[in-house]
Asks: 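Quick one: this structure, given as structure tokens, is what I'll be asking you about.
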Amino acid sequence: MKTIYVDNAATTQVSETALNAMLPLLKDTYGNPSSLHHLGQRAKEVLEDARERVAACINAEPREIYFTSCGTEADNQAILSAAYNGAKKGKKHIISSKFEHHAVLHTLEKLKAEGFEIELLDVYKEGIVRVEDLKAALRDDTALVTIMYANNEVGTIQPVKELAAVCKERGVTFHTDAVQAAGHIKLDVKDLGVDMLSVSAHKFHGPKGVGFLYCKKGVPLQVFMNGGAQERNRRAGTENTAGIVGLAAALEEACANIDKNSARIASYRDKIINGIKDIELSFVNGDLENRLPGTVNMCFEGIEGEGLLLLLDQKGICASSGSACTSGSLDPSHVLLSMGVPVEIAHGSLRISLSEYNTEEEVDFIIESIHEVVAYLRSISPVWEKILKGEEIK
């Protein structure tokens, strides 16, 4: 049975380009970049070269790039830095959105317990934050606004440039979690006007366990991990040189091919949506225009998402019902609930996230399989029978 992988929003296959770039750092240039001997200094040169290459991909300065272990760490450092910097000036109000990744939401919960006031903006049925809502929410004591660039479950793209401009007018720090966006849509931090931006390599065919935080020159960055003097004394710990080089190689490759890949992947996305939207009582979640090229999120009334995923998996299709970070939870997606999707419908969600490695033949098989699996699950579902009869679902 062939495996068809369409869970790329959770993680991606490491590309040959990234893998080949990493191998010499694991086999030959394995020195510690902080060591003074020639092997360590060679590793230091490679590390700084990767920093320059990553910076070039997003139109940043190399000294504005801080390597981390993942997007979650980058989110934490950005949010905590802005919060604590604001608190020194008596500013303890933070604005975010209701459907952020838990790396953001849980960090905000920590800050709330420390006395910060957290305000979460609505995202509406389109899954998009409205600029006018942010304007209305900003206060003189707002320390930070953190809004994701693209949602990890439904793929909707936020008006980050406009949101950042509003914050700049009011002198408020703006951070965006760009983990799902990087490598899939063009990122230019100068054009966007953001103060901080988080990225993780494994979302664009780089290795797991490495990411970076862009922090604009002049924006104070708090020390998040204590220890050595790595990353200009802002992130202690021996650098994952091989992973960082793999990140740089994967990001360069993704950015170089972004137009070509996005067009093809978007055509597959639209084919899937058009191929299954005729299923009775099925719904596409989120705005159809402002979304990532490879993300499809749908709900099917009368079935459970878990059963849908398991039966698709038996056909070799690896998909998901939402964020991999919460896949062990039986609760419906907080993303879908924040968009107004009823609880009973949110339980029947399916997320398909494509990459340039997928084929049209796979897309056709996915469409056929979803039709078959949904029909089968509904045929054995007492809930579906009640829906057909118009009875109340409790």
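Just so it is clear, the values below take in all heavy atoms, side chains as well, and ignore hydrogens, waters and symmetry mates. The residues of the chain are indexed from 1 along the displayed sequence. Small disclaimer: the values here were computed from a predicted structure and weren't measured.
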Asks: How far apart are the C-alpha atoms of His205 and Glu253, what are their side-chain angles, what is the distance that settles it, and do they pass the side-chain hydrogen bond (donor to acceptor under 3.5 Å, both in side chains) test?
Replies: CA-CA 9 Å; His205 305 294; Glu253 183 176 42; over 6 Å; no
Asks: Rounded to the nearest 0.5 Å, how far apart are CG of Leu134 and SG of Cys167?
Replies: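 That separation rounds to 5.0 Å.
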Asks: Would you say Leu108 and Ile95 are hydrophobically clustered, going by side-chain heavy atoms of ILVMFWY under 4.5 Å?
Replies: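 In one cluster: no.
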Asks: Look only at the side chain of Asp195 and the backbone of Phe174, and say whether a donor-acceptor pair between them is shorter than 3.5 Å.
Replies: yes
Asks: Decide if atom NZ of Lys190 counts as having more than 12 heavy atoms of other residues, nucleotides or ligands within a radius under 6.0 Å.
Replies: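 Correct, the count exceeds 12.
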Asks: Tell me, with the steps shown, if Val343 and Leu336 meet side-chain contact (heavy atoms from CB on, under 4.5 Å).
Replies: CA-CA 9 Å; Val343 172; Leu336 298 183; over 6 Å; no
Asks: Under a 3.5 Å distance rule, please check whether Asp49 uses its side chain to pair with a backbone N or O of Glu45 as donor and acceptor.
Replies: no
Asks: Under 3.5 Å, is there a donor-acceptor pair between the side chain of Asn358 and the main chain of Leu354?
Replies: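 Not confirmed, Asn358 side chain does not pair with Leu354 backbone.
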Asks: So does Ile258 get a backbone contact from the side chain of Ser262, meaning a donor-acceptor N/O pair under 3.5 Å?
Replies: yes
Asks: Go through the steps to decide whether Arg130 and Asp122 satisfy the test salt bridge (charged side-chain N to carboxylate O under 4.0 Å, His left out), and finish with yes or no.
Replies: CA-CA 8 Å; Arg130 297 180 182 174; Asp122 290 327; over 6 Å; no
Asks: Do you see a donor-acceptor pair shorter than 3.5 Å between the side chains of Arg42 and Thr29?
Replies: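 Arg42 vs Thr29: no donor-acceptor pair found between side chains.
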Asks: If we count only N and O atoms by modelled type, under 3.5 Å, do the side chains of Ser97 and Glu100 hold a donor and an acceptor together?
Replies: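 There is such a pair between these side chains.
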Asks: If you measure from CD1 on Ile118 to NZ on Lys110, what distance do you get to the nearest 0.5 Å?
Replies: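 The distance works out to 11.5 Å.
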Asks: Within the distance-only criterion (no hydrogens, no angle test), does the side chain of Asp287 pair as donor or acceptor with the backbone N or O of Asn290 below 3.5 angstrom?
Replies: yes
Asks: Could you walk me through whether Asp141 and Lys89 pass salt bridge (charged side-chain N to carboxylate O under 4.0 Å, His left out), step by step?
Replies: CA-CA 9 Å; Asp141 64 339; Lys89 302 175 183 178; over 6 Å; no
Asks: Is the closest basic N to carboxylate O distance between Glu301 and Arg378 below 4.0 Å?
Replies: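 Answer for the salt bridge query: no.
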Asks: Less than 4.5 Å apart, any side-chain heavy atom of Lys315 and any of Leu311?
Replies: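 No; the side chains remain at least 4.5 Å from each other.
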Asks: Within a reach of under 6.0 Å around CD of Glu289, are more than 12 heavy atoms found that belong to other residues, nucleotides or ligands?
Replies: no
Asks: Distance-only, no hydrogens or angles: does the Gln158 side chain make a donor-acceptor pair with backbone N or O of Val129 under 3.5 Å?
Replies: yes
Asks: Indicate the atoms forming the closest heavy-atom contact of Ala178 with Leu187, along with that distance.
Replies: CB-CD1, 4.3 Å
Asks: Give a yes or no on whether the backbone of Phe365 and the side-chain of Glu368 come within a donor-acceptor separation of less than 3.5 Å.
Replies: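 No, Glu368 side chain to Phe365 backbone: no donor-acceptor pair under 3.5 Å.
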Asks: Tell me yes or no: between the side chains of Gln77 and Ser81, is some donor less than 3.5 Å from an acceptor?
Replies: no
Asks: Does any non-hydrogen side-chain atom of Thr241 lie less than 4.5 Å from one of Tyr30?
Replies: no
Asks: Could you tell me whether the side chain of Ile279 reaches within less than 4.5 Å of the side chain of Ile276, counting heavy atoms only?
Replies: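 Sidechains of Ile279 and Ile276: in contact.
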Asks: State yes or no: do Phe283 and Leu388 share one hydrophobic cluster built from I, L, V, M, F, W and Y residues joined by side-chain heavy-atom distances below 4.5 Å, directly or via other members?
Replies: yes
Asks: Between Asn152 and His101, what is the shortest heavy-atom contact and its length?
Replies: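 Closest approach of Asn152 to His101: ND2-CD2, 3.7 Å.
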Asks: Does Glu360 come within less than 4.0 Å of Lys271, counting only side-chain N to carboxylate O?
Replies: yes
Asks: Establish, from distance only, whether the side-chain atoms of Asp133 and Tyr124 form a donor-acceptor pair under 3.5 Å.
Replies: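 The answer is yes; a qualifying pair exists.
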Asks: If you measure only the distance, is there a donor-acceptor pair under 3.5 Å linking the side chains of Asn151 and Thr156?
Replies: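 No.
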Asks: Within 45° of the ring axis of Phe224 and under 6.0 Å from its six-membered ring centre, is that where the NZ or CZ of Arg234 lies?
Replies: no
Asks: Relative to the ring of His102, is the ring of His334 parallel (under 30°), tilted (30 to 60°) or perpendicular (over 60°)?
Replies: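 His334 vs His102 ring planes: tilted.
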Asks: Looking at Tyr66, does the NZ or CZ of Arg232 lie under 6.0 angstrom from its six-membered ring centre and within 45 degrees of the ring axis?
Replies: yes
Asks: Within a radius of less than 6.0 Å around NE2 of His38, do more than 12 heavy atoms belonging to other residues, nucleotides or ligands occur?
Replies: no
Asks: Tell me if a side-chain donor or acceptor on Asn274 pairs with a main-chain N or O of Asp270 at a distance below 3.5 Å.
Replies: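 Yes, Asn274 side chain to Asp270 backbone: donor-acceptor pair under 3.5 Å.
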Asks: Inspect the contact between Glu252 and Arg53 and indicate whether a charged nitrogen and a carboxylate oxygen are less than 4.0 angstrom apart.
Replies: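 Salt bridge present between Arg53 and Glu252.
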Asks: Test your reading of the model: is there a side-chain donor-acceptor pair from His175 to the backbone of Met148, 3.5 Å cut-off?
Replies: no
Asks: Strictly by modelled atom types, are Tyr214 and Glu61 linked by a side-chain donor-acceptor pair under 3.5 Å?
Replies: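 Short answer, no.
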Asks: So Phe204 and Leu247, do their side chains get closer than 4.5 Å, heavy atoms only?
Replies: yes
Asks: Determine yes or no for a side-chain-to-main-chain donor-acceptor pair under 3.5 angstrom, with Thr142 supplying the side chain and Leu144 the backbone.
Replies: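 Here the side-chain-to-backbone pair does not exist.
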Asks: Salt-bridge test for Glu48 and Arg51: reply yes if a basic N is under 4.0 Å from a carboxylate O, no otherwise.
Replies: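 A salt bridge is present here (some side-chain N lies under 4.0 Å from a carboxylate O).
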Asks: If you group Ile, Leu, Val, Met, Phe, Trp and Tyr by side-chain heavy-atom gaps below 4.5 Å, do Val335 and Ile128 land in one group?
Replies: no
Asks: Does Arg139, at its CZ atom, have more than 12 non-hydrogen atoms belonging to other residues, nucleotides or ligands within less than 6.0 Å?
Replies: yes
Asks: What closest approach, in Å, do Ala9 and Ser353 show between heavy atoms, and which atom pair accounts for it?
Replies: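 Shortest heavy-atom contact: N-OG, 2.8 Å.
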Asks: Does a side-chain heavy-atom distance below 4.5 Å link Thr176 with Ser198?
Replies: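 Result no, sub-4.5 Å side-chain heavy-atom pair not found.
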Asks: Can you confirm whether Asp278 is buried at CG, in the sense that more than 12 heavy atoms of other residues, nucleotides or ligands lie under 6.0 Å from that atom?
Replies: yes
